[in-house]
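Written below as structure tokens is the structure these notes are about.
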Amino acid sequence: MRLLEQKKISYKSYSYEPDATKSGEEIAEILGENAERVFKTLVTQAKSGQYYVFVIPVNAELDLKLAAKAVSEKSIAMIKQKELLPLTGYIHGGCSPIGMKKFYPTVIHETARNFETIFFSAGKVGFQVEVSPEDLKKIIRFETAAIISTP
């Protein structure tokens, strides 16, 4: 939230009882929002060793093949949970696409463009921010692509 304020980016913040066991769908319900508008941040590593960040709706699964294709890699895999804090500065359940220790190439699922604003973690379990994808571009560079599994 400090980064958003520094860049004078308009946002709304939300908080709820911190509980790392809550699913993304449960958080969307707490927010009273459609789960397709609430996004989760996933960190991966490609076979090349490069790290990538993918931001997808909480009710979806990252398609590793589509994600690898989106970043022109042969393959990618989710990082181990214990690697998240040293790599990003965030813990599981509180990972945000903004404010990581280092910037990693970021891809947001293309449906984010369908919404005036999207929700994602504010960097701490129990906190979410609502920001327009256009304003998000003012603070991080990202691409959009089809990166989720469809049933």
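The structure displayed is predicted, hence computed values, not measured ones.
- Remark: the backbone N or O of Ser121 is paired with a side-chain donor or acceptor of Ser96 at under 3.5 angstrom.
- Contact of the Tyr11 side chain with the Asp135 side chain is not registered, since no non-hydrogen atoms from C-beta on lie closer than 4.5 Å.
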Exercise. How far apart are the C-alpha atoms of Met100 and Val43, what are their side-chain angles, what is the distance that settles it, and do they pass the side chain to side chain contact (heavy atoms under 4.5 Å, CB included) test?
Worked result: CA-CA 11 Å; Met100 289 189 184; Val43 182; 4.1 Å; yes
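- Here the OG-CD distance, from Ser149 to Glu61, works out to 6.5 Å after rounding to the nearest 0.5 Å.
- Across every non-hydrogen atom of Ala35 and Glu25, the tightest pair is CB-CG, 4.5 Å.
- Side chains of Glu73 and Ser48: a donor-acceptor N/O pair is present below 3.5 angstrom, by distance only.
- By the criterion of side-chain heavy atoms lying less than 4.5 angstrom apart, applied directly or through intervening Ile, Leu, Val, Met, Phe, Trp or Tyr residues, Leu31 is not grouped with Val131; the two fall into different hydrophobic clusters.
- In this structure, the side chains of Arg141 and Thr106 stay at 4.5 Å or more apart for every pair of heavy atoms.
- Listed here is the closest heavy atom pair of Ile108 and Ala112: CG2-CB, 3.6 Å.
- Taking hydrophobic clusters as Ile, Leu, Val, Met, Phe, Trp and Tyr residues chained together by side-chain heavy-atom distances below 4.5 Å, Phe119 does not share a cluster with Phe127.
- Between Lys22 and Glu17 no salt bridge is recorded (no basic side-chain N to carboxylate O distance below 4.0 Å).
- Under 3.5 Å, the side chains of Tyr14 and Glu130 contain a donor-acceptor pair of N or O atoms.
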Exercise. For Asn59 and Glu36, what are the C-alpha separation, side-chain angles and deciding distance, and is it a side chain to side chain contact (heavy atoms under 4.5 Å, CB included)?
Worked result: CA-CA 7 Å; Asn59 62 349; Glu36 292 171 1; 3.6 Å; yes
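- Residues Leu87 and Ile79 approach most closely at CD2-CD1, 3.9 Å, considering heavy atoms.
- Between atom CD of residue Glu110 and atom CD1 of residue Ile56 there is a gap of 12.5 Å, rounded to the nearest 0.5 Å.
- For Lys65, the NZ atom is loosely surrounded, since the number of other residues' heavy atoms within 6.0 Å does not exceed 12.
- No more than 12 heavy atoms of other residues, nucleotides or ligands sit less than 6.0 Å from atom CD of Glu29.
- Distance check, rounded to the nearest 0.5 Å: CD of Gln81 to SG of Cys95 gives 11.0 Å.
- Side-chain contact check for Arg37 and Thr111: no donor-acceptor pair (N or O, by modelled atom type) lies under 3.5 Å.
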For this session: For the pair Leu3 and Ile139, evaluate side chain to side chain contact (heavy atoms under 4.5 Å, CB included) and give the outcome as yes or no after the intermediate values.
Result: CA-CA 8 Å; Leu3 290 171; Ile139 197 163; 3.5 Å; yes
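- Going from atom CG of Leu4 over to atom CG of Leu136 covers 8.0 Å, rounded to the nearest 0.5 Å.
- At a threshold of 4.5 Å between non-hydrogen side-chain atoms, the residues Gln50 and Pro105 count as touching.
- Side-chain atoms of Val38 and Pro57, non-hydrogen and from C-beta on, never get closer than 4.5 Å to each other.
- Look at Arg2 and Glu5 and you find no salt bridge, because none of the NZ, NE, NH1 or NH2 atoms lies under 4.0 Å from a carboxylate O.
- In this structure a side-chain-to-backbone donor-acceptor pair under 3.5 Å is missing from Lys124 to Ile91.
- Atom CD of residue Glu26 and atom CG of residue Asp19 lie 8.0 Å apart, to the nearest 0.5 angstrom.
- With hydrophobic clusters built from ILVMFWY side chains whose heavy atoms lie under 4.5 angstrom apart, Ile98 shares a cluster with Phe39.
- If you look at Tyr104 and Tyr51, their ring centroids are closer than 6.0 Å.
- Distance alone, capped at 3.5 Å, places no donor-acceptor pair between the Lys7 side chain and the Lys138 backbone.
- Distance check: Lys12 NZ to Met1 CE gives 15.0 Å after rounding to the nearest 0.5 Å.
- With hydrogens and angles disregarded, no donor-acceptor distance shorter than 3.5 Å links the side chain of His109 to the backbone of Val55.
- The two residues Leu66 and Ala146 have their closest heavy-atom pair at CB-O, 3.5 Å.
- Residues Ile76 and Ala68 approach most closely at CD1-N, 3.9 Å, considering heavy atoms.
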Exercise. Would Thr41 and Val53 satisfy side chain to side chain contact (heavy atoms under 4.5 Å, CB included), going step by step from the backbone distance to the final call?
Worked result: CA-CA 7 Å; Thr41 304; Val53 174; 3.6 Å; yes
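- Across all their heavy atoms, Ala67 and Leu62 have their closest contact at CB-CD1, 3.9 Å.
- Between Thr117 and Phe115 the shortest side-chain heavy-atom distance does not fall below 4.5 Å.
- Hydrophobic clustering, with ILVMFWY side chains joined whenever heavy atoms are under 4.5 angstrom apart, groups Ile140 together with Tyr90.
- Side chain of Thr44 to backbone of Tyr52: a donor-acceptor contact under 3.5 angstrom is found.
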